Amino acid sequence: MSKTWWRGAAIYQVYLRSFADGNGDGVGDLAGLRSRLPYLKDLGADAIWLNPWYPSPMADGGYDVADYRGIEPVFGTLAEAETLIAEAHELDLKIIIDVVPNHSSTASDWFQQALADPAARDRFWFRDEPGDWQSIFGGPAWTQVPDGQWYLHLFAPEQPDFNWDNPDVHREFEDVLRFWFDRGVDGVRIDSAALLHKSDTAWEDLDPVHDVYRHWRTIADSYEDRVLIGELWLPDQERFARYLRPDELHTAFNFDFLSCPWDPEELRRVIDLTLTTHATVGAPPTWVLSNHDVTRPVTRYGRADTSFAHGGALHGTPSDPELGYRRARAAALLAMALPGGLYVYQGEELGLPEVEELPDELRQDPMYARSGGTNPGRDGCRVPLPWSGDEPPFGFGGPSPWLPQPESWRKLTAEAQLADLDSMLNLYRTGLRLRRECFGDGTLTWLPYGDRVLAFTRDSGVTCVANLGPEPVPLPDGAVLLASGRLEDRLLPPDTTAWLRTP
Ligand code: GLC
């Protein structure tokens, strides 16, 4: 792969706990992932991003990291992680890991030292009095320790925030980056990347964070072809672009696209804004439809309100499954055709819906408990994947996965879908193969096609037409390469996308 592989890569997100279970304990692991690498290769992924794999009490699915240089024993060992990296590389798949620099775990050595000795507290945010900030997961962002002081946690109380004014914290993460780059990791996804620095009045997007990333960039650049990817939920595009300046992060997730409703004008606005914003700094855009924090597209696109907002959907919000499925297919081909990188969250390629009917006592996401149960949380998009067979656990491994899979998933297993040419899985497989030839990094040219249709041609000469209107529309001339739904008489039905090689 080229030095700038990341500019147009299709990156598949593996939520390890729910991907594949190699040892039968009900939790996905490295052995399971290793056994499924050929599946990801055949799917057409260029790279894999793994959610945190470090030792963790799992108060927030591993985003409470107790040791940044180890592997959670439930997932495997460091030696196995190194084997995974080598095996992935043999298949020409890059490995991206998650680094969590905003906060740690209360189980980490540093936090335990801080608890035991008030003189060792400067690496975190301890104060005599709590502030009035609320945690992003709900409830207060300050928790009191037995001697009376309070510490800050923007997320769960088990995730104490680091103090980035302390030089130890800088040294620690520089060393952690080198630790993993030395082991062959090709890139890092930086969790909550805009939150690191705080003042007494603000906790997001403070200027000193850019010095951190400039320094991290010099570390990444001292290795070959390593990439830094930011998780940045910033509404202000100019502020967002600052993180992607040539000496900072390489790319960032496009959450505006992910959150956008299934509406042609809104989508076009977001696509144009994305392209302009990234052009100012020369960074490639990315296109994201889902991840482990958001409602599955099949469910979201079937609702009356098709946008995504954290905490926006309440229990029991109705969704039309057929409509959602059709739109999710159309959205997938739209996202694949746009210029830049692409993220595919595990299960998206199977068209899995959000599992909304989980028993409340099984929900593990702290968002659920901390919202007093009003927000269903993110467990519904984290249910273990169905691989094969007619009944749960559908080849996931072990007799009972950590979250139960719906019986109805028998139609959605990878095995069943491979055998069905019209399945979502085969749409993704064909789409990703063609994408590698026709799309990825570059530019687009919009075609005039009315208000309800998004149509553009890419540098390869291939045209993408997505019909978001209520009526079928005629296709332009050219050979159809792929369509997300059935075409009749060269008419593109509503909620359908087609790719054509125009003459
Ligand atoms: C990021 C992660 C999310 C996690 C949070 C706190 O947003 O994607 O899963 O809960 O950070 O680490």
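Every number for a ligand or one of its atoms is a count from 1 in the order of the listing. Computation of the quantities below employed the complete heavy-atom set of this structure, encompassing side-chain atoms and omitting hydrogens, waters and symmetry-equivalent molecules. Keep in mind that what you see is a predicted model, and the values were worked out from it rather than measured.
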Query raised in the report: Does anything in residues 124-134 pair up under side chain to side chain donor-acceptor pair (under 3.5 Å), and if so which pairs, sequence neighbours excluded?
Result: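 Qualifying pairs, neighbours excluded: Asp128-Gln149.
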**Report entry** Pairs involving residues 337-350, ordered by first then second residue, that meet side chain to side chain donor-acceptor pair (under 3.5 Å) (sequence neighbours left out)
**Finding:**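 Counting only pairs at least two positions apart or across chains, the side chain to side chain donor-acceptor pair (under 3.5 Å) contacts touching residues 337-350 are Tyr12-Glu349, Tyr39-Glu349, Ser290-Glu348, Glu348-Tyr428.
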Report task. Assess the pair Phe162 and Phe173: is the distance between their ring centroids shorter than 6.0 Å? Result ->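 Yes; Phe173 has its ring centre under 6.0 Å from that of Phe162.
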Report task. Using a strict 4.0 Å threshold on nitrogen-to-oxygen distance, state whether Asp175 and Arg178 make a salt bridge. Result ->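 Looking at Arg178 together with Asp175, the answer is no, because their closest N to O distance does not fall below 4.0 Å.
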Query raised in the report: Salt bridge or not for Arg363 and Asp365, using N-O below 4.0 Å?
Result: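 No, no charged N to carboxylate O under 4.0 Å.
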Report task. Using heavy atoms and a cut-off under 4.0 Å, could you grab the residues that are in contact with ligand 1, chain by chain, numbers ascending? Result ->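 Residue list for ligand 1: Asp60, Tyr63, His103, Phe137, Phe155, Gln159, Arg189, Asp191, Ser192, Glu231, His292, Asp293, Arg378, Arg382.
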Report task. Quick one: list whatever passes side chain to side chain donor-acceptor pair (under 3.5 Å) with Thr201, sequence neighbours left out. Result ->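 Counting only residues at least two positions away or on another chain, Thr201 forms a side chain to side chain donor-acceptor pair (under 3.5 Å) with Ser199.
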